[in-house]
Structures are given as structure tokens and as C-alpha cells.
Asker: 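I have a structure I would like to understand better, so I am pasting it below and will then ask my questions one at a time.
Order of the sequence lines sets the chain letters (A, B, ...), proteins ahead of strands, with each chain counted from 1.
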Amino acid sequence: MKSLKLIYNEREVEVEAGVRASALIELLGLGNPHPLGFRIEEEIVDLQTPLTRGGRVEPIFPGTPEALPILRHTAAHVLAQAVKELFPEARLGIGPATEEGFYYDFDVSEPFTEEDLARIEKRMKEIIKRRIPLEREEISKPEAERIFTERRETYKLELIREIPEERVSIYRQDDFVDLCRGPHLPHTGLIKAFKLLSVAGAYWRGDERNPQLQRIYGTAFFDKEELRAYLERLEEAKRRDHRRLGRELELFSIEEEVGPGLILWHPKGAIVRKEIEDFWREEHLKRGYQLVYTPHIALRDLWKVSGHLDFYAENMFAPMEIDERAYQLKPMNCPFHILIYKSKKRSYREFPLRYCELGTVYRYERSGVLHGLLRVRGFTQDDAHIFCREDQLEEEIFKVLDLVVYFLSVFGFREYQIYLSTRPEKYVGTEEIWEKAEGALAAALEKKGLPYEIDPGEGVFYGPKIDLKIRDVLGRFWQCSTIQVDFNIPERFDLTYMGPDNRPYRPIMIHRALLGSLERFFGVLIEHYAGAFPVWLAPVQVVVLTVADRHEPFAREMYDFLRGSGIRVELDARGERLSYKIREAQVKKIPYMVIVGDREVEERRLTVRTRGGENLTFAPEEFREKILREIREKIV
RNA sequence: GCCGGUGUAGCUCAGCUGGUAGAGCAGUGGAUUCGUAAUCCACAGGUCGGGGGUUCGAGUCCCCCCGCCGGCUCCA
């Protein structure tokens, strides 16, 4: 037998290949707490897995983040066992651990009901209580086929046939058997806290031509407190739901009479949008962009030239006919910007040329995917197209990254996940140009000091791209920004510029959006701030509240004083009690309440209650300066 | 688009096995002038998502359609 060298904490041990990983516990002296598995180099193995490779070893202990997927994966098996016991005719799909929990897909004749879920959960508890060991076996493919044929697990058979290796692993617990790579817990009793969350249809292997299975979602943790905290977080997310806050704070609405996925921005939402747009334009002009405006529709032929009718048709609204010519609602802004480029002969001296537009586009999205502001059919992209020479690409990407990071940080987003997507199987352009462009994107990311992951083969056919996801206060990630190089469209429109040698060249084009769409970004912002916008964005920045009618003259004076400085202030002089007015202002999440009673009138000073419940006093000028500064500096 | 759930006043919801609609908040009117998260009284408000059917009778049962919610796929 081959022997393997394993390194743990500077220590080197040797074991025979094929020995189960559990042997390492004793060998490395890891009795208490008991590890659930090991990481060997990049691979995670459970205690039952025979060792096949050497390298650096790290034990994985219960309760650690690395152990969670193991726990959840086993929870998925427990779920499957429970379902098979209660619904023997159910066929198994797949059941992995996910970011937040786990799921398992089942083919059943009747979809699961809420009551079924409760029954399944109860049975899972029994299975956990019995501390059933999970036993790993490695068997030949024909052997596996025999087992799963006998059990009529047709989906598992499909999976087995696609596995390239000669041998596969299965896990048993009681009579339940699953084709599975692992890793798993040693026994079911280690699942201390779990909950089934929902059921939904899901196509086998995500392909709608395949049968639809029933997917049960759940989550699991090492202790009850963590589960409680997770469920609490779900509740918090519900409270922050932009669809709910959008209605409560009168920010926007979606009306059945208008149509699905089409947004009405109400005055309170519109003012937030205006602030974002003003900031956006100002910043773009400062950074050498030129503002353009383009129409919402164009002749269909334009979309033929651009290629959208070939590769984007299914996302476009149907054409309309006017004066016997077909027009098309625009799904993108690029063809228009390109035609502005083409409106005259271009020189290398003009480069880089940066056109930006808050351009409203319409895309057909299937009805089932629409979601509040986050997924709509009509939206405004904060779009720009940059035309440059190949040698300017890296510098331009760097500048875009610099702008993105600055822009997002102003809204309080400072953590990102960045993906660099490289050449897919089907692509246009030469391999050489792709490599150059990918290199330029990577170099710009590195120069900006932004850590990123490479998504191999995930680029669009026309060029590589950088996608940026922002992390909100609840730790959720949202894709907003995207930067894409395009080798295709300059070709299609035959774009040229004159080089210093008086010969025509083809420019490189970059598409980019920082916020993605104003609608989606607004949705993310609402949830991020839970509707309590920072002062510069708040639809109402200050409300002046009177204690009694006799305080109205001074309150009105203060209201006029603040309004005169451009502060968005309201006056609440109704004959209601102060506590009622405070409550109302609080519910509307207005940052500052100015309370005017006898004391304030007498001393000509302002008592200010903040949204956080703090009480401060200011001279009127002092308060005005404070607000103006917060607006100017966009203090979050 | 598909699977499941759901749709009663502006909002949140009640309405048992079919006997033709109710509450709280919001709105309007009045009273109260009250100092840090809901003062009292009155009034008004619904073709019960839309259409068709069963029935003496449908918000309640059946069928079709639409919207919304949770997923699948995709993306800003």
C-alpha cells in the first residue's frame, strides 16, 4: 500500500492510503472536541472517507463555518429519509447544502402541503433522535446501478451514468441509501437545530423541458440559538422588504391597470431618485463623461444591425407598426450612442470618448420572475459607453472602477464581491484580443486593489466583463454594477477612427453601469436603510411640530427659515397631541423633528428630536448649518 | 412560461359546513390646546380581482382568465 504524507501544524505524519480519515483523530491527538472531518489541501473529507492524497491537513470542528455545509448536507439526507418513509413512492432528485441551508428535490404525484411539511419535520426529529450512523461505501458503477434500479430511483440512475469515474460513493442510514459524494456527519444525532422553510416546484436539473419536482427548503445549525438568530434575520428582511416599505412610505407603486413590472414613482420616491440622478450627473461630468439623451423607440432595422434581434429577441417587446414601418421599444441604449459616435468622422485625439445617459429601457421578462423594483420590465439604466483605443482599455477600466467604488461608498456600500468573466465557448473576435482585454480588466482590478474571482467561460459572447455585487447591512449581495468590453458591436456598425498615421482603426467599446438600474438600486437602498434614508436622500428631512396652536407663528417662521435654505421641511401644526405627531414622524422615518413649545418660542432655540430618539438643542442658524452640512457631505 | 399558494374598504385582516358584508388603522367633520411613539365622538368608504357556471340563493362550490407571493431559469 502507498503511504501518504500529511502535514498538520508543522508536524508530519504518515498513513497508508485507503485508511479512513477517522484514523487521523488519534494520530494527530484530536480527541476533544471531536472533529467532523478534515480539509486536506482543498478537499473536504468526512471521517469515513478513505484517504487518497497527502498534503496539509486541517481538522474541521463542529460549530465552525466550514462544518456547516457538512451538517446541512446530512440534514438534506435526513429530510430525504423522512420523505421516503412517509411517501414511499417519492423519487429522489438531488439534495445539496446551499449558502443558507439545504434542499432536496422529490418527484411525487401530489405536491407537498404545509401539513405534509409538519409531518416530515416531525419524522426528521425522530430520525435525529435515533442517532443513526451514516455509512459510506464505495462501489462500482454497475453495483450502484443495480441498487438504484431496484429502488426505482430513475433520477439517480441518470446521475450515475454521467459520472466519469469507475467507482461511486453511496451513503446509507438505516434503509435509506443515497448516491452522494459526501461529506457527511458521522450520525444524524449531531443535527441540533433545523427547520423546514418552504416547498416550491423546481425543474429537474433546472431545465424546463424536464419534469418538475417538488423542492423542500430547510436550514440547519449546530445550536438552537443560531437557528433562532437566522429566523430572526429572515423576519428582519421581511420588515425591510422594499415592496412593503415602498407602500408604507409612499415611495412607489406598481398598478395592475398599468401592467406588471412597470413602476410609478410617487413624489417621495421621485425626490430620492432626483437626488441620486443629480449626484450621478454631476460626478460624471466631473470625470469627463458627456451627457446624451436618446429616444425610447427606434426602427426595427437598427436592432437588426446591432444584432439584438438575433441574440436578444426573446427579451424584447413585440414591434409596433407606424406609417408602415416597424419600430421597436429599446431594450438597450448602445445603438443610439453608437450612432452619435458615427455622426461624424472620429479621431484618436478625441479618445477616450465617454457618453453617458440615464436611459430608460424595456425588456420582456417572463411573468414569474418579476419582483418589486428588483426585477421589472421597464427601467432606467445608469448607462455609459466608452470608446477608446486598445492601449487605453486598462486605464479606462481603472477609471470606471474608481468611479464605481466611490459612488457606491457614498451610499454606504463598502463591501463587494467582484467577478471577472472570461471567454465563453461561443465568442466573437480573436483569441488574442480576448486575452488582451481580459488582461486589461485584471490589471485594472489589481491596480485598484480590488480582490476578485475569475468566472471562467462566463463572459458574454462579445467580450469579457467585470460584475460587482454589493453587500447590504443584512449581509446580502446584490448585483448592480457591470463593466463589459464589446468587440462585436463596433464591428457591426463598422465604427472607425483615424489614427495618427492617417489610417482608419476600429475602436474598442466598453458598456458600463454603476447602479445597474435606478429601480433596482432604489429597491436595494430601501432595504439597506430599512426606509430610513440619510438626510441628503430623505424625502422629508425635517418636520416642525407644534405643541399647541399658539406655537404656530414661531413654528411657521422656523419652517420658512429652513425651507428658504432648500431644506425639505414640513410643518405639522394640526391640533393633535405632540406624542401623536412624533409617532407619525417616526413612522415616516423623518430624520429630524423640531419641537416648538413655550420654551422654544421664549428662547428662540430649537429642540430637535432625532429619528434615533436623541434630544438636542440648537440656535436656529446652528441647526440649519448642521443639516446643510449633512446634505452637502452626504453623511450616511 | 411552469409548480404551489394567494386576491374581501387606501392599508392590515375577520366572515363556521352557501342565506346577498364587518373590525382596527388611514380619510372626512366636530370636540379637545394637550411637551417626546397612537385623545374622544361621529360620518363616509366595498360591482368581495375579472368573466362564466351550479343553485331558489355564491364572498363562500365548479371552470376559465388576470394580478400578487414563494421557487425553477435568466438577468440591471
Side-chain angles (χ1 to χ4, degrees), chain A residues 93 103 105 108 110-114 116 197-217 238 241 243-244 247-248 250 253-261 312 314-315 331-333 359-361 363-383 460 467-469 478-482 484 511-524 545-552 573-588 593 595-600 607-611 613-615:
Chain A
Y103 66 81
D105 289 343
V108 278
E110 289 291 310
F112 298 113
T113 61
E114 284 294 315
D116 290 338
L197 299 170
S198 60
V199 208
Y203 296 104
W204 169 239
R205 320 193 97 181
D207 189 328
E208 56 193 273
R209 289 166 302 193
N210 287 336
Q212 195 165 46
L213 311 181
Q214 291 299 312
R215 175 171 296 178
I216 298 179
Y217 283 92
K238 236 188 221 167
D241 192 312
R243 292 166 298 188
R244 171 202 180 114
R247 184 176 54 237
E248 288 174 1
E250 302 181 345
S253 69
I254 301 168
E255 304 296 334
E256 221 178 302
E257 296 89 330
V258 176
Y312 209 71
E314 60 180 34
N315 283 298
M332 294 192 192
N333 303 302
T360 303
V361 298
R363 297 184 185 174
Y364 171 72
E365 297 285 354
R366 303 205 292 181
S367 59
V369 306
L370 299 173
H371 182 92
L373 292 174
L374 301 179
R375 195 66 187 278
V376 297
R377 285 183 175 162
F379 58 98
T380 302
Q381 286 184 306
D382 68 318
D383 210 356
V460 204
D467 286 326
L468 194 141
K469 292 184 183 181
W478 308 91
Q479 149 119 49
C480 294
S481 320
T482 182
Q484 308 184 353
H511 310 252
R512 48 110 282 195
L514 313 182
L515 307 178
S517 89
L518 292 175
E519 284 75 7
R520 166 178 287 180
F521 190 72
F522 187 37
V524 173
L545 310 177
T546 52
V547 175
D549 287 352
R550 62 178 179 280
H551 307 120
E552 192 177 334
R574 290 173 303 171
E576 296 289 350
R577 292 183 171 182
L578 179 62
S579 57
Y580 180 83
K581 297 186 198 178
I582 287 179
R583 181 190 146 75
E584 216 166 61
Q586 197 75 45
V587 168
K588 290 183 186 161
M593 297 167 224
I595 291 149
V596 175
D598 290 337
R599 284 201 299 276
E600 288 75 20
T607 300
V608 177
R609 182 193 157 110
T610 68
R611 190 160 51 187
E614 245 184 313
N615 270 309

Asker: Among residues at least two apart in sequence or on other chains, which ones pass side-chain contact (heavy atoms from CB on, under 4.5 Å) with V547(A)?
Answerer: H551(A), L578(A), I595(A)
Asker: For G516(A), report the nucleic acid contact type (base, sugar-phosphate, nothing); a contact means any heavy atom under 4.0 Å.
Answerer: sugar-phosphate
Asker: Find out whether M593(A) and K581(A) are in side-chain contact, i.e. whether some heavy atom of one side chain is under 4.5 Å from a heavy atom of the other.
Answerer: no
Asker: Suppose you measure atom C1' in G18(B) against the same atom in C61(B); what distance do you get, rounded to whole Å?
Answerer: 8 Å
Asker: Check each of K238(A), R243(A), R244(A) against D241(A) using the salt bridge (Lys or Arg N to Asp or Glu O under 4.0 Å) test, and report the only one that passes.
Answerer: R243(A)
Asker: Taking the same atom, C1', in C2(B) and in U17(B), what whole-Å distance lies between them?
Answerer: 35 Å
Asker: Test of understanding: with side-chain hydrogen bond (donor to acceptor under 3.5 Å, both in side chains), list the residues that count as partners of Y203(A), not counting sequence neighbours.
Answerer: none
Asker: First and last nucleotide of RNA chain B in contact with chain A, 5' to 3', at under 4.0 Å to a heavy atom: what are they?
Answerer: G1(B) to A76(B)
Asker: Contact class for S579(A) (heavy atom, under 4.0 Å): base, sugar-phosphate, or nothing?
Answerer: sugar-phosphate
Asker: Taking side-chain contact (heavy atoms from CB on, under 4.5 Å) as the test, write out the residues that go with V361(A), two or more places apart.
Answerer: K330(A), N333(A), R363(A), F379(A), Q381(A)
Asker: Let me spell it out: for each of I582(A) and R520(A), pick the nucleotide of RNA chain B with the closest heavy atom. Which residue's pick is nearer the 5' end?
Answerer: I582(A)
Asker: Which base, if any, makes a Watson-Crick or G-U wobble pair with U17(B), both distances under 3.5 Å?
Answerer: none
Asker: Taking only the P atom of each, what is the distance from U6(B) to C16(B) in whole angstrom?
Answerer: 15 Å
Asker: Whether the T607(A) and E600(A) side chains hold a donor-acceptor pair (N or O, under 3.5 Å, no angle test) is what I'd like checked.
Answerer: yes
Asker: Which whole number of Å gives the distance between the C1' atom of C75(B) and that of G24(B)?
Answerer: 42 Å
Asker: Partners of T380(A) by side-chain contact (heavy atoms from CB on, under 4.5 Å), sequence neighbours excluded?
Answerer: R273(A), L358(A), T360(A), L518(A), E519(A)
Asker: NA contact type, E584(A), heavy-atom cut-off 4.0 Å: base, sugar-phosphate, or nothing?
Answerer: nothing
Asker: Take atom CD in E114(A); do more than 12 heavy atoms of anything else shown fall under 6.0 Å from it?
Answerer: no
Asker: NA contact type, R375(A), heavy-atom cut-off 4.0 Å: base, sugar-phosphate, or nothing?
Answerer: base
Asker: Return the nucleotide paired to C2(B): Watson-Crick means purine N1 to pyrimidine N3 with N6-O4 or O6-N4, wobble means G-U with N1-O2 and O6-N3, both under 3.5 Å.
Answerer: G71(B)
Asker: R243(A) near the nucleic acid: base, sugar-phosphate alone, or nothing, with a heavy-atom cut-off under 4.0 Å?
Answerer: sugar-phosphate
Asker: Distance check, P atoms only: U32(B) and G51(B), in whole angstrom units.
Answerer: 48 Å
Asker: Categorize F521(A) for me: base, sugar-phosphate, or nothing, with a 4.0 angstrom heavy-atom threshold over every strand shown.
Answerer: nothing
Asker: What does U55(B) pair with, Watson-Crick or G-U, if both distances are under 3.5 Å?
Answerer: none
Asker: Select base, sugar-phosphate, or nothing to describe what G206(A) touches, counting heavy atoms under 4.0 Å on all strands.
Answerer: sugar-phosphate
Asker: Taking any strand in view, what nucleotide pairs with G24(B) in a Watson-Crick or G-U wobble way, both distances under 3.5 Å?
Answerer: C11(B)
Asker: Over all strands shown, is E314(A) touching base, sugar-phosphate only, or nothing at heavy-atom distances under 4.0 angstrom?
Answerer: nothing
Asker: Name all residues meeting the side-chain contact (heavy atoms from CB on, under 4.5 Å) criterion together with E614(A); count only those two or more places apart in sequence or in a different chain, and write none if there are none.
Answerer: T610(A), L616(A)
Asker: Within the structure shown, what part of the strands sits under 4.0 Å from D598(A) by heavy-atom distance: base, sugar-phosphate, or nothing?
Answerer: base
Asker: Strictly by Watson-Crick or wobble contacts shorter than 3.5 Å, is anything paired with U39(B), and which nucleotide is it?
Answerer: A31(B)
Asker: What interatomic distance, in whole Å, is found between C1' of U39(B) and the corresponding atom of G19(B)?
Answerer: 41 Å
Asker: Check every strand shown and say whether N615(A) touches a base, only sugar-phosphate, or nothing at a heavy-atom separation below 4.0 Å.
Answerer: base
Asker: When we call it a touch if two heavy atoms are under 4.0 Å apart, what does V376(A) touch: a base, just sugar-phosphate, or nothing?
Answerer: base
Asker: At 4.0 Å (heavy atoms only), tell me whether T607(A) reaches a base, stays on the sugar-phosphate, or touches nothing.
Answerer: base
Asker: Which value, in whole Å, describes the distance between the C1' atoms of nucleotides G27(B) and A9(B)?
Answerer: 11 Å
Asker: Scan E365(A) against the nucleic acid and name what it touches under 4.0 Å (heavy atoms): base, sugar-phosphate only, or nothing.
Answerer: base
Asker: Using atom P of each nucleotide, how far apart are C64(B) and C3(B) to the nearest Å?
Answerer: 11 Å
Asker: For Q381(A) and R366(A), take the nucleotide of RNA chain B holding the closest heavy atom to each; which residue's nucleotide lies nearer the 5' end?
Answerer: R366(A)
Asker: At under 4.0 Å between heavy atoms, what does Y203(A) touch on the DNA or RNA strands: base, sugar-phosphate, or nothing?
Answerer: base
